[in-house]
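The structure under discussion appears below in the form of structure tokens.
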There are 2 protein chains.
Amino acid sequence: MTKEVVPDIVIARLPRYLQCLNLMAKEGLHTVSSGVLAERLGTTAAQIRKDLSYFGGFGKQGSGYPIYSLIEALQEILNLDRIWQVAVVGAGDLGRALTRYQGFPRRGIEIKLLFDVDPKLVGTKVGSITIQHVDYLEKEIQHHGIKIGVLAVPAEYAQLMADRMVEAGIEGILSYAPVSLILPESVHAQHIDPVLQLQTMMYYLGED
Amino acid sequence: MTKEVVPDIVIARLPRYLQCLNLMAKEGLHTVSSGVLAERLGTTAAQIRKDLSYFGGFGKQGSGYPIYSLIEALQEILNLDRIWQVAVVGAGDLGRALTRYQGFPRRGIEIKLLFDVDPKLVGTKVGSITIQHVDYLEKEIQHHGIKIGVLAVPAEYAQLMADRMVEAGIEGILSYAPVSLILPESVHAQHIDPVLQLQTMMYYLGED
DNA sequence: TAGATTGTTAATCGATTAACAATC
DNA sequence: TAGATTGTTAATCGATTAACAATC
């Protein structure tokens with residue numbers, strides 16, 4: 001039996017399904033059809049059914065999907081059934097805002113380390129985390145066995161810090177730096193750059 | 001002559017090309033081949049040539065693309081040849097960090113308005129912007145003729161604030177709220193949710 | 001039971017890649 | 001000129017959609 005590979009794009013949609021299902025559970029719903037879920041998400045029923053079918057049959061003909069057990073199944077598929085510790089590099093406005101962001105602990109993400117080069121910041125606290133000098137980046141990441149890093153440094157330092165994180169054993173990087181990073185195939189990278197997203201929008205808004 | 005429609009996914013890549021080209025220009029390069037650009041971006045030469053060909057022929061056989069004129073062409077295509085004013089709703093950690101973000105003015109984005117409901121925040125300044133009460137959202141957005149809004153409010157208020165922005169004439173929304181928004185077809189929406197991106201990553205990192 | 005909805009297959013659609021003539 | 005590289009066409013690949021038998 002060859003294990004069928006699930007397309008990346010399907011994996012990327014699962015967290016959105018989960019987010020919506022959690023909201024529905026909060027609203028007191030117990031069951032949802034692919035059609036209703038699709039409408040809330042702005043996608044199609046067929047796509048949701050197809051995506052879920054990569055992992056098994058979670059629904060019941062006639063009634064749809066039991067919300068609570070589908071949530072549990074998706075959490076297990078995505079490895080969300082534990083707390084993931086994260087290291088943040090860069091304690092500027094963004095790094096500090098991320099460290100304080102309530103949405104992380106609420107969804108199983110714990111910011112454990114925060115680094116900066118600025119001696120005025122090193123030693124100060126952001127919430128319960130003390131900012132450490134980047135000199136200790138490798139040592140601390142290894143010591144805590146952290147696998148996920150967040151880059152919140154200026155573009156010029158992003159590649160260097162990414163390299164150091166990878167060296168220290170980081171396997172996934174979420175970068176807020178406005179540059180393309182060159183990373184080993186084995187490292188999973190995600191990028192957030194609001195300017196790129198706004199510029200995409202400007203193409204469509206420009207037709208006045 | 002029927003104007004061929006350019007796929008959304010092509011448009012979404014253009015800002016990344018532009019970002020890389022700007023960096024190369026800064027490095028003093030004058031010309032770049034699709035192959036070299038592709039390597040820096042982690043994509044393929046064929047894709048870059050195909051994407052650019054939707055808009056015309058910008059390169060020269062034998063030598064590649066003149067960086068400076070390709071930058072100018074992309075800026076014009078994306079309507080970046082002017083300053084875009086933006087309204088930010090929500091002046092929490094994130095909203096304030098975005099308002100101070102240097103990367104916006106540097107790339108033609110001017111945060112002009114900042115709103116919140118918190119009376120302790122209203123009237124205070126973030127950089128040169130005074131936080132205004134959301135009661136004035138519609139009036140101010142209309143007065144300045146602003147077309148782009150950024151949502152930096154908690155999930156519970158996101159849909160409501162999105163509706164009000166649309167009502168006020170906003171045509172593009174960049175949302176940092178962790179919910180799916182339901183918006184008219186005519187409004188261009190972009191979402192940023194680091195949790196969703198980290199959860200996608202966790203699927204791949206989980207195989208230990 | 002009748003109606004609703006799943007899981008899955010096959011058809012369609014669209015995007016990426018390969019290849020190469022044109023040409024700088 | 002010879003080598004390099006574009007712009008474009010055709011081939012391939014993969015993702016989405018439609019359709020429907022199975023079944024709750």
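Note that the structure is a prediction, hence the values are computed from the model and not measured. Throughout, a chain's letter reflects where its sequence line sits, starting with A, and its residues are numbered from 1.
Side-chain contact check for B/Val10 versus B/Tyr54: some heavy-atom pair is nearer than 4.5 Å. At a threshold of 4.5 Å between non-hydrogen side-chain atoms, the residues A/Leu94 and B/Tyr101 do not count as touching. For the pair B/Gln190/A/Thr200, a side-chain contact is recorded, criterion being any heavy-atom separation below 4.5 Å from C-beta on. Contact check for B/Tyr17 versus B/Ile48: side-chain heavy atoms found under the 4.5 Å cut-off.
For the pair A/Lys60 NZ and D/dT23 C1', the computed distance is 11 Å after rounding to whole Å. Rounded to an integer number of Å, the gap from CZ of A/Phe55 to P of C/dT8 is 13 Å. In this entry the distance linking CG of B/Asp8 with P of C/dC13 reads 18 Å, nearest Å. Here the P atom of nucleotide C/dT8 and the CZ atom of A/Phe58 are 11 Å apart, to the nearest Å. If you take CD of A/Gln61 and P of C/dT5, they are 12 Å apart, rounded to a whole angstrom.
Looking at A/Asp51 and A/Arg16, no side-chain N of the basic residue comes within less than 4.0 Å of a carboxylate O on the acidic one, giving no salt bridge. The pair B/Arg164-B/Glu140 does not count as a salt bridge, with every side-chain nitrogen at least 4.0 angstrom from each carboxylate oxygen.
Listed pair B/Tyr65 / D/dG7 meets the phosphate criterion, a side-chain N or O lying under 4.0 Å from OP1 or OP2. The side chain of A/Arg13 contributes no N or O atom lying less than 4.0 Å from OP1 or OP2 of D/dA15.
For residues 24-53 of chain A, proximity to DNA chain C is found at A/Ser33, A/Ser34, A/Arg49, A/Lys50, A/Ser53, defined as any non-hydrogen atom under 4.0 angstrom from a strand atom.
Across all strands shown, D/dT23 pairs with C/dA4; the Watson-Crick or G-U wobble distances both stay below 3.5 Å. Under the Watson-Crick or G-U wobble criterion, with both distances below 3.5 Å, C/dG14 is paired with D/dC13.
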